[in-house]
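Single-structure report; data block below.
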Amino acid sequence: MGAFDVTIGALLLGVALNLYLYGVVSYQYVTYKTMKFNDPIWLRALVATLFVIDTFQTVVELYAVWYFAVENYANPSVLRHMIWVTPLCGTGSGISALIVQAFLINRLYRFTGQVWLRIFLMLGAAAACLCAIIDSVESWLLADITKVATLIPLTIALLAIEASVDLIITVSLSRALWRSKTGLTRTDTVVNRCIRATIQSGLFSAVFAIFTLLAFVLRPDTYLYTIFNWPHGRIYSNVSGVYS
């Protein structure tokens, strides 16, 4: 595998996957805005915030590819430098994860009424977001991607907490939804659809977190982790059920 495969190639794959998911997010957002949902203002603000974050990240990721592949085409040494886009995307993904996890935790609380579980999960989601911000700042200060291996412990903590919160939400919410079945075909069909969406949410986000972690731990001196990290925020937006 050549040097450009794990740098420019990885960035292109990350951007391509992100653009695909952003297209789905955009369709969901337009559909949400054009249909007359009787949602509270806080939920509409949450949806709009997610879409703004997704749009901003998509734009700056496209700029990163332009910066490396076009603006510095004849300067391959620039690939060693940590430009501002990568840390910013890490922070954006962390904030998107916190927003979606908080939404799902609130939904779980409405089904279970368990205050302790709500507090525990919110603390975990907040801790993961804080780790994402610290990790992004530290990587920006390092400036050289050959030195980011020093951030492996923090990155492991970030992604492990994030994936754990996702899986706990998935299992708990799926269990609560299953218990809410009434025996009526029409109602149970809706419940089954919610269970499927919940499982997809936790599974996809956890898988992307795990693959990001593996890529970063195994090859921290490359951009392989961006294949999974850059689209990660769009995974939360797509499968969380916020737009529904």
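All values reported here derive from a predicted model rather than from experimental measurement. Sequence positions, counted from 1, serve as the residue numbers for this chain.
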Any side-chain heavy-atom pair from Leu117 and Tyr109 closer than 4.5 angstrom?
no
Do you know the tightest heavy-atom contact between His232 and Ser205?
NE2-O, 3.2 Å
Ignoring hydrogens, what is the shortest heavy-atom contact between Ala160 and Ser164? Give both atom names and the distance.
O-OG, 2.7 Å
Nearest 0.5 Å please: distance from the OG1 atom of Thr58 over to the CH2 atom of Trp230.
11.0 Å
Tell me whether Phe120 is reachable from Leu108 by hopping between hydrophobic residues (I, L, V, M, F, W, Y) whose side-chain heavy atoms are closer than 4.5 Å.
yes
Tell me whether the rings of Phe208 and Phe228 are parallel (<30°), tilted (30 to 60°) or perpendicular (>60°).
perpendicular
Under a single-linkage definition using a 4.5 Å side-chain heavy-atom cutoff for Ile, Leu, Val, Met, Phe, Trp and Tyr, are Leu17 and Leu13 assigned to the same hydrophobic cluster?
yes
Quick check on the hydrophobic clustering: are Leu213 and Ile152 connected, directly or via other members, by side-chain heavy-atom contacts under 4.5 Å?
yes
Does any N or O in the side chain of Ser139 come within less than 3.5 Å of the main-chain N or O of Ser136, such that one atom is a donor and the other an acceptor?
yes
Rounded to the nearest 0.5 Å, what separation is found between the CD1 atom of Ile169 and the CG atom of Leu104?
5.5 Å
Grab the two heavy atoms, one from Glu162 and one from Ala97, that are nearest each other, plus how far apart they are.
OE2-CB, 3.6 Å
For the student: nearest non-hydrogen atoms of Gly92 and Gln57, plus distance:
C-OE1, 3.3 Å
Give a yes or no answer on whether the side chain of Glu61 reaches the backbone of Val15 with a donor-acceptor pair at less than 3.5 Å.
no
For Ala206 and Leu167, work out which heavy atoms get closest and say how close.
CB-CD2, 4.0 Å
Are the ring centres of Trp84 and Tyr63 closer than 6.0 Å?
yes
Mind checking the CG-CG spacing from Asn18 to Leu62? Nearest 0.5 Å is all I need.
8.0 Å
Determine, step by step, whether Asp135 and Thr155 satisfy the side-chain hydrogen bond (donor to acceptor under 3.5 Å, both in side chains) criterion, reporting the C-alpha distance in whole Å, the side-chain angles of both residues, the deciding distance to 0.1 Å, and the verdict.
CA-CA 7 Å; Asp135 194 36; Thr155 304; 3.3 Å; yes
In the structure I gave you, are the side-chain heavy atoms of Arg44 and Tyr32 within less than 4.5 Å of one another anywhere?
yes
hydrophobic_cluster_shared for Val85 and Ile134, side chain cutoff 4.5 Å
no
Is there a side-chain contact between Leu11 and Tyr67 (heavy atoms, below 4.5 Å)?
no
Leu218 side chain reached by Leu224 side chain, heavy atoms, under 4.5 Å
no
Indicate yes or no: at least one non-hydrogen side-chain atom of Thr55 is less than 4.5 angstrom from one of Tyr22.
yes
Residue pair Trp140 / Leu88, side-chain heavy-atom distance below 4.5 Å
no
Linked, directly or transitively: Leu154 and Leu159 (ILVMFWY side chains, under 4.5 Å)
no
List the steps, then state whether side chain to side chain contact (heavy atoms under 4.5 Å, CB included) holds for Arg107 with Leu173.
CA-CA 8 Å; Arg107 177 180 287 179; Leu173 190 53; 4.0 Å; yes
Beyond-backbone contact of Tyr27 with Thr31, side-chain heavy atoms, under 4.5 angstrom:
yes
So CD1 of Ile161 and SG of Cys129: to nearest 0.5 Å the spacing works out to 11.5 Å
Might you point out which heavy atoms bring Leu158 and Ala128 nearest each other, and give the distance in Å?
CD1-O, 3.0 Å
First locate atom CD1 of Ile210, then atom CG of Asp166, and finally report the distance between them rounded to the nearest 0.5 Å.
10.0 Å
To the nearest 0.5 Å, what is the distance between CD1 on Ile156 and CZ on Phe216?
9.0 Å
Start with the C-alpha gap between Phe68 and Tyr223, add the side-chain angles, then the distance that decides, and say whether ring-ring contact (aromatic ring centres under 6.0 Å, His included) holds.
CA-CA 12 Å; Phe68 286 121; Tyr223 288 106; 5.7 Å; yes
How about CD1 on Ile41, more than 12 heavy atoms from neighbouring residues, nucleotides or ligands closer than 6.0 Å, or not?
no
